[in-house]
Amino acid sequence: MSSIGDRNSGCSPKSMLPIFAIYNNLSFSPLKRTECKDNKKMEKTHTISYQEYAIEELSAEDLSLLQAAIKATATSYAPYSNFHVGAAVLMADGSVVMGSNQENAAYPSGLCAERTALFSAAAQHPGVAVRTIAIVARNPQGTLAPACPCGACRQVMSEQELRQSEKMRVICYFSDAKILIFEGIENLLPFGFDM
Ligand code: THU
């Protein structure tokens, strides 16, 4: 059976003890972590991949989804950040669901555009896979600004992929000259949480 201490590193669980001790506010020295002699064993690399397009290189389907996301920014409620985010989801049955960020005076009660769109899509089209989500943002000046999903939205995308056993594409608008497309959430959230 593997434990946190021996999972990737070859370190003994005993050598990890000081880390937990710090969290428990005890006075062990973090330097004791160097008890793990072969530190090189812990280092692994992870590659992510994405494609970069100019707007005129997008397929008609992707361009139309991006335009839907731009349209969705008009429904954003963002009186606190003045940052208007729009998302559009293309479902496997061809339907498009739009979402925008919805803020609240109690800040954490608000929701990002991506999750508004994804949760709405799941509620309105249960059991239908999400093919692609496009994301755009407008800065307080109203100009389109680079938009890439936050960590919480990536986690929700990751779970949606698990639900549908199908990879999801993510289109992030940075500028007309730079649109990033990720094929699968693994490229945005390696080692996402799952139970
Ligand atoms: N926001 C999104 O809608 N999506 C993201 O991925 C990151 C941030 C929203 C939340 C908030 O209303 C505003 O942008 C500023 O953070």
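Along the sequence shown, residues are numbered consecutively beginning with 1. Counting starts at 1 for both ligands and their atoms, in listed order.
Put simply, M98 and L118 are part of two different groups of oily side chains (I, L, V, M, F, W, Y) that touch within less than 4.5 Å, one to the next. Clustering ILVMFWY residues whenever any of their side-chain heavy atoms sit less than 4.5 angstrom apart, transitively, puts L162 in a cluster other than the one holding I185.
Within 4.0 Å of ligand 1, heavy atoms belong to protein residues S81, F83, V85, N101, E103, C112, A113, E114, C148, P149, C150.
Of the options V136, L66, L63, D62, a side-chain contact (heavy atoms from CB on, under 4.5 Å) to I179 is made by L66 and by none of the others.
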Exercise. For ring pair (Phe, Tyr, Trp, His ring centres under 6.0 Å), just list the numbers for H46 and F191, CA-CA rounded to whole Å, side-chain angles, deciding distance to a tenth of an Å, and then say yes or no.
Key: CA-CA 10 Å; H46 189 92; F191 305 110; 5.3 Å; yes
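The closest donor-acceptor contact from the side chain of Q102 to the backbone of T116 lies at 3.5 Å or more, if one exists at all.
Atom-to-atom distance recorded for L144:CG and S175:OG is 10.0 Å, nearest 0.5 angstrom.
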